[in-house]
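Excluded from the calculations below are hydrogen atoms, water molecules and symmetry mates; all remaining heavy atoms, backbone and side chain alike, are included. Not measured: the values here are computed from a predicted model.
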Amino acid sequence: MMKSMTILFSLLNILPAVTSQAQYLYDATEFIANNPSPYGSTAFNSIAYAAQRYAMSCLYFATYAQTNEYMIEEDNYDGWDDSDNWVTDKGVCEWYGVTCDENNFVRELDLSGNNLGGTFPNEVSVIASAL
């Protein structure tokens with residue numbers, strides 16, 4: 001776990017230089033680096049769980065309060081309708097719209113009708129095979 005945290009902190013030093021299009025990557029990395037797994041040093045604190053948490057954080061930061069040209073013109077976007085527990089100290093299984101299996105891995109994600117904006121990030125492919 002220490003090695004993965006070192007990698008994350010290294011990324012934090014690099015990411016401020018990225019373009020604004022990649023702001024969600026910086027935000028997600030900063031969240032993960034500053035908010036360790038709520039499960040502490042258990043089996044849930046694995047690389048796979050950390051990757052899942054990072055992918056879900058990317059989804060949040062890429063689609064919450066992000067705008068596109070249509071939304072700006074229509075002035076009709078204020079962020080997700082419900083973001084309960086997202087990017088908090090709660091485990092991803094407690095985040096709104098997320099259903100997990102008995103091992104705390106995401107198996108279903110239902111954010112339909114939740115007013116997502118922005119672009120769906122590629123990082124979600126980390127968990128796509130499970131959905």
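- T63 approaches P121 most closely through the heavy-atom pair CG2-CD, 4.5 Å.
- No side-chain heavy atom of T99 sits under 4.5 Å from any side-chain heavy atom of R107.
- At a threshold of 4.5 Å between non-hydrogen side-chain atoms, the residues F31 and T88 do not count as touching.
- Distance check, rounded to the nearest 0.5 Å: CG of N114 to CH2 of W86 gives 9.0 Å.
- Looking only at side-chain heavy atoms (C-beta outward), N103 and Y49 stay at 4.5 Å or farther from each other.
- Considering all non-hydrogen atoms of both residues, A55 and E123 come closest at CB-O, 3.2 Å.
- Note that the OG atom of S83 and the CG atom of L111 stand 10.5 Å from one another [nearest 0.5 Å].
- Side-chain contact between D27 and Y60 is absent, with no heavy atoms from C-beta onward closer than 4.5 Å.
- Residues meeting the side chain to side chain donor-acceptor pair (under 3.5 Å) test with N122, sequence neighbours left out: none.
- At a threshold of 4.5 Å between non-hydrogen side-chain atoms, the residues N85 and V98 do not count as touching.
- You'll find the side chain of W95 reaches within 4.5 Å of the side chain of K90, heavy atoms only.
- N115 contributes no side-chain N or O that, together with a main-chain N or O of G117, makes up a donor-acceptor pair within less than 3.5 Å.
- Considering CD of Q52 and OG of S57, their distance stands at 10.0 Å, rounded to 0.5 Å.
- By the 4.5 Å heavy-atom criterion applied to side chains, V87 and Y64 are not counted as neighbours.
- In plain terms, the two heavy atoms of C58 and Y24 that are nearest each other are O-CD1, 3.7 Å.
- Here Y96 contributes atom OH and D81 contributes atom CG; the two are 8.0 Å apart, rounded to the nearest 0.5 Å.
- Between L109 and M56, the closest side-chain pair of non-hydrogen atoms falls below 4.5 Å.
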